[in-house]
Student: 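Below you will find the structure I want to go over with you.
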Amino acid sequence: MHRRIIAPGALAAASVLLAIPASAASHSPGAPGIGDPYYPYYGNGGYDVSHYDLRLQYQPKTDQLQGTATILAKTTQDLSSFDLDFLLDVSEVRVNGAKASFATSGQHELVVTPKTPLAKNTSITVVVRYSGVPSSKSAYGFTSWHRTPDGGVAANEPEAAWWWFPSNDHPTDKATYDVSVSVPDGTQAISNGTLQSTTSKLGWTRYNWRENKPQATYLATLALGRFDVTTGTSEGGVPVINAYSKDLGDTEAAARASVERSGEIVDWLSGYFGPYPFSSVGGYVPNTTTGYALETQTRVYYSPRQFASGSNTSVVVHELAHQWYGDFVSLKGWKDIWINEGFARYAQWLWSEHEGEGTTQQLADYVYASHPADDAFWTVRPGDPGPDGQFDIAVYDRGALAVQALRNEVGDDAFFAILKGWPKAHAYGNASVADFQKYAEQVSGKPLAALFDSWLFQPSKPAASAARALVRTGTAVAQPKSWKKIEATNHVHGH
């Protein structure tokens, strides 16, 4: 038997514990991370969000943002406290109407302690009042808020929410959104979904946006500035909303020539992936200095640099393919990034074939032949690339090779059934690479473990026979006509 010496102070603490009802004593803090090994402190444990209602005011001259976030959630454990991911300055937090205490912790944690502990499976309403200058905030040495000459933009992956609203920032906790933003007359607010209404009063205009389908936090976007907004409807009936900064300069025409084809492209993609799953589609091009694009749900973010060399519909295809592969079905963990990027890249290959600029097999042959066996390209494992390799070019190109290898193995009928059936099978949910393999085996009736292992998990170049490639190692392969356009999107997510 081990004896423990208890100090007087500990005895006093024990007396206090004895005074707490047994039911309250069983409550514990929610974890400061949701459990993703790539990003241990992203997301939070103990609750699940169903809706974010964000009521904001923004002053572009000073980059000052103030807001009230109302978060509807349900507890998943008995909670004494819980975390939100957030960076701005908080003035008040209420939980179920009662004032809660709060404190900051770590790089981006807001720790909330409700007045009374929360029982498991309880619906809760959390109200957070806050303000700050987003461009002045950083975490882990970077910012996801882009200051522009006429305002600001929130868009980044795997994190962007911390700079403008408190959240449970992980793709597994998807929610619906109402985003209401008041800006000085002449400035506009662009966000996800559809514009419900605008109202003007005393020199300020309020824009009310709604995303009525589940959305991951990193896919929520906010753009504030002066835009030219175009609207329409695709031939297939999808409302299209695009926006362009009024100071894009020489890139404006190329940007419009690309993004204005969003309706046409989303209808074309529907033929491969099934009906478009959201209330609107489109993109926006703010005057930022970033080099990437991002599949922010329904309203894709494009940097002007994507169009610096002219129009490029290939990048539009890539980001709109993500609306199914990444947005409609989101990853379970950040290691499952191949399901997003491998298929978005493959959509570019399908577009190349559609445009008569190189078939998917010709592109696969070219990529395969372009990387000798000792190329570091083959050491990246698209099925689990690690946080540092998450946006490596191999996740895209080797990832697309894996998709072509799957197609060659199961045949076109089964392959296109998989391509279209997968989003429907996990509609508005989350799934992993393992889930995809299981689904592909179910549809095709073939064992695919060896193929997936070879193309997604081995740090070496698969044998040509593994892809039923048309070329032999060492044989010169002509560069498909579309390659330069595809290559121009290589750093599409290089944040």
Side-chain angles (χ1 to χ4, degrees), residues 36-38 171-172 272-273 321-322 324-326 328-350 360-361 363-365 367-369 371 373 375-426 429-470 473:
D36 193 307
Y38 279 23
T172 49
Y272 289 103
F273 299 152
H322 275 313
W324 287 266
Y325 282 78
F328 189 25
V329 182
S330 301
L331 38 72
K332 273 186 181 174
W334 282 107
K335 70 182 178 64
D336 299 309
I337 192 68
W338 169 72
I339 296 179
N340 292 19
E341 302 304 344
F343 286 86
R345 178 64 112 200
Y346 195 76
Q348 293 176 266
W349 292 12
L350 289 168
T360 61
Q361 186 63 60
L363 283 157
D365 291 342
V367 171
Y368 184 86
H371 298 280
D375 192 329
F377 175 89
W378 300 109
T379 65
V380 177
R381 304 178 305 151
D384 188 358
D388 292 336
Q390 193 175 349
F391 300 108
D392 190 277
I393 189 58
V395 175
Y396 297 72
D397 283 352
R398 185 178 176 180
L401 280 174
V403 179
Q404 182 66 31
L406 173 65
R407 179 178 177 177
N408 292 347
E409 179 64 28
V410 303
D412 277 6
D413 287 350
F415 175 75
F416 289 113
I418 292 166
L419 211 58
K420 185 173 287 188
W422 169 257
K424 185 178 179 181
H426 294 275
N430 300 78
S432 66
V433 173
D435 292 329
F436 185 86
Q437 180 186 322
K438 182 179 178 182
Y439 181 79
E441 288 176 333
Q442 176 189 327
V443 173
S444 68
K446 291 193 172 190
L448 297 170
L451 182 140
F452 274 73
D453 183 60
S454 177
W455 287 97
L456 296 180
F457 294 103
Q458 289 301 318
S460 57
K461 185 173 184 175
S465 59
R468 297 187 183 174
L470 299 178
T473 304

Student: Atom CG in D453, atom CG in L448: separation rounded to 0.5 Å?
Tutor: 12.0 Å
Student: Return yes if some donor-acceptor pair links the side-chain N/O of R345 with the main-chain N/O of G399 below 3.5 Å, else return no.
Tutor: no
Student: Quick one: CZ on F273 to CZ on F328, what's the gap to the nearest 0.5 Å?
Tutor: 12.5 Å
Student: Between I337, D36, N430, which is the residue that forms a side chain to side chain contact (heavy atoms under 4.5 Å, CB included) with L331?
Tutor: I337
Student: Nearest 0.5 Å, please: how far is CZ in R381 from CD in Q458?
Tutor: 8.5 Å
Student: Search all heavy atoms of R398 against all heavy atoms of S454 and return the closest pair with its distance.
Tutor: NH2-O, 2.9 Å
Student: Does Q361 reach the side chain of N408, with side-chain heavy atoms less than 4.5 Å apart?
Tutor: yes
Student: So, taking the atom named CD1 in I339 and the one named OG in S330, what distance separates them when rounded to the nearest 0.5 Å?
Tutor: 10.5 Å
Student: Please table the atom pairs, donor to acceptor, closer than 3.5 Å between any side-chain atom in residues 412-426 and protein atoms at least two apart or in another chain.
Tutor:
{"from": "D412", "atom 1": "OD1", "to": "R407", "atom 2": "NE", "distance (Å)": "2.8"}
{"from": "D412", "atom 1": "OD2", "to": "R407", "atom 2": "NH2", "distance (Å)": "3.3"}
{"from": "K420", "atom 1": "NZ", "to": "G271", "atom 2": "O", "distance (Å)": "3.2"}

Student: Does some side-chain heavy atom of I393 sit less than 4.5 Å from a side-chain heavy atom of V380?
Tutor: no
Student: How about Y346 and Y325: are their ring centroids closer than 6.0 Å?
Tutor: no
Student: Taking the six-membered ring for Trp, are Y38 and W334 ring centroids under 6.0 Å apart?
Tutor: no
Student: Run the side chain to side chain contact (heavy atoms under 4.5 Å, CB included) check on Q390 and V395 step by step: do they pass?
Tutor: CA-CA 7 Å; Q390 193 175 349; V395 175; over 6 Å; no
Student: Applying side-chain contact (heavy atoms from CB on, under 4.5 Å), can you list everything that pairs with P37, at least two apart in sequence or on another chain?
Tutor: none
Student: D435 side chain to S432 main-chain N or O, any donor-acceptor pair under 3.5 Å?
Tutor: yes
Student: To the nearest 0.5 Å, tell me how far L451 CG sits from K446 NZ.
Tutor: 10.0 Å
Student: Heavy-atom distance under 4.5 Å between the side chains of W349 and V367, does that happen here?
Tutor: yes
Student: Between atom CG of D384 and atom CG of L456, what is the distance when rounded to the nearest 0.5 Å?
Tutor: 10.5 Å
Student: Among F436, W455, F391, find the residue that satisfies the ring pair (Phe, Tyr, Trp, His ring centres under 6.0 Å) test when tested with W338.
Tutor: F436
Student: Could you tell me whether the side chain of E341 and the main chain of Y396 form a donor-acceptor pair under 3.5 Å?
Tutor: no
Student: Check A364 against Q404 and note the closest heavy-atom contact, atom names and distance.
Tutor: CB-CG, 3.8 Å
Student: Identify whether NZ of Lys or CZ of Arg in K461 sits under 6.0 Å from the centre of the six-membered ring of Y368 and within 45° of that ring's axis.
Tutor: yes
